[in-house]
Amino acid sequence: MPLGPSINFGRIAKAAQLHSDSLCRRWLPDGYQEGKEWVARNPRRADHRPGSFKVNLSTGRWGDFATGNKGGDLVALAAYLFDLSQKEAALRIADMLRIDPYV
């Protein structure tokens with residue numbers, strides 16, 4: 001039984017990386033840029049002030065140093081923030097950036 005076309009996760013992650021500041025501003029609007037990092041409160045927990053949740057705007061790597069949650073790119077960040085599968089996060093980002101997720 002054919003599974004259909006494969007999602008090009010690497011291409012989507014690279015495209016998202018090119019828009020890291022605008023994506024972080026959209027997804028974590030109460031944050032701020034500090035050097036090459038976006039510093040914000042973690043919306044998935046009762047985080048009262050920014051500081052322990054950071055996204056590296058150059059690499060896309062992110063982590064919550066209070067909980068140990070972390071990921072390697074903005075697709076993983078979207079999946080974490082919005083409680084999505086990696087596939088659904090990649091498809092939503094591709095749609096947002098208007099790129100073909102299967103190329």
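Because the structure is predicted, anything quoted here is derived from the model rather than measured. Atom set for the values below is all heavy atoms of this structure, side chains included, hydrogens, waters and symmetry mates excluded.
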**OP:** With the side chain counted from C-beta on, respond yes when I7 and K87 share a heavy-atom pair under 4.5 Å apart, and no when they do not.
**Re:** yes

**OP:** Provide the closest heavy-atom pair for D47 versus A40 in the form atom of the first, atom of the second, distance.
**Re:** OD2-O, 4.2 Å

**OP:** Please tell me if the side chains of D73 and Q17 come closer than 4.5 Å, counting only heavy atoms from C-beta onward.
**Re:** no

Original post:
Do V75 and F82 share a hydrophobic cluster (ILVMFWY, side-chain heavy atoms under 4.5 Å, transitive)?
Top reply: yes

Original post:
Do S52 and N42 have side-chain heavy atoms sitting under 4.5 Å apart?
Top reply: no

Original post:
Is it the case that one hydrophobic cluster holds both V39 and V55, taking links as side-chain heavy atoms less than 4.5 Å apart, direct or via other members?
Top reply: no

Original post:
Do D64 and R45 sit within salt-bridge range, that is, some charged N less than 4.0 Å from a carboxylate O?
Top reply: yes

Original post:
Is there side-chain contact between K54 and W62, with heavy atoms separated by less than 4.5 Å?
Top reply: no

Subject >> Cluster link Y32 to L74, ILVMFWY, side chain under 4.5 Å >> reply: no

**OP:** Taking all heavy atoms of R25 and all of Q33, pick out the closest pair and write down the distance.
**Re:** NH2-OE1, 3.8 Å

**OP:** Let me see the working for W38 and F53 under ring pair (Phe, Tyr, Trp, His ring centres under 6.0 Å), right down to the final yes or no.
**Re:** CA-CA 8 Å; W38 188 258; F53 192 75; over 10 Å; no

**OP:** Check salt bridge (Lys or Arg N to Asp or Glu O under 4.0 Å) between D83 and all other residues, then give those that pass, not counting sequence neighbours.
**Re:** none

**OP:** Kindly compute the distance separating CZ (R61) from NZ (K70), expressed to the nearest 0.5 Å.
**Re:** 9.5 Å

**OP:** Would you indicate whether the side-chain heavy atoms of C24 and L57 approach each other to under 4.5 Å?
**Re:** yes

List the atom pairs, with distances to 0.1 Å, where a side-chain N or O of residues 88-103 and a protein N or O form a donor-acceptor pair under 3.5 Å, not counting sequence neighbours.
residue : atom : partner : partner atom : Å
E88     : OE2  : R92     : NE           : 2.9
D100    : OD1  : Y102    : N            : 2.9

Subject >> Minimum heavy-atom distance between A79 and Q86, given as atom pair plus value >> reply: CB-NE2, 3.5 Å

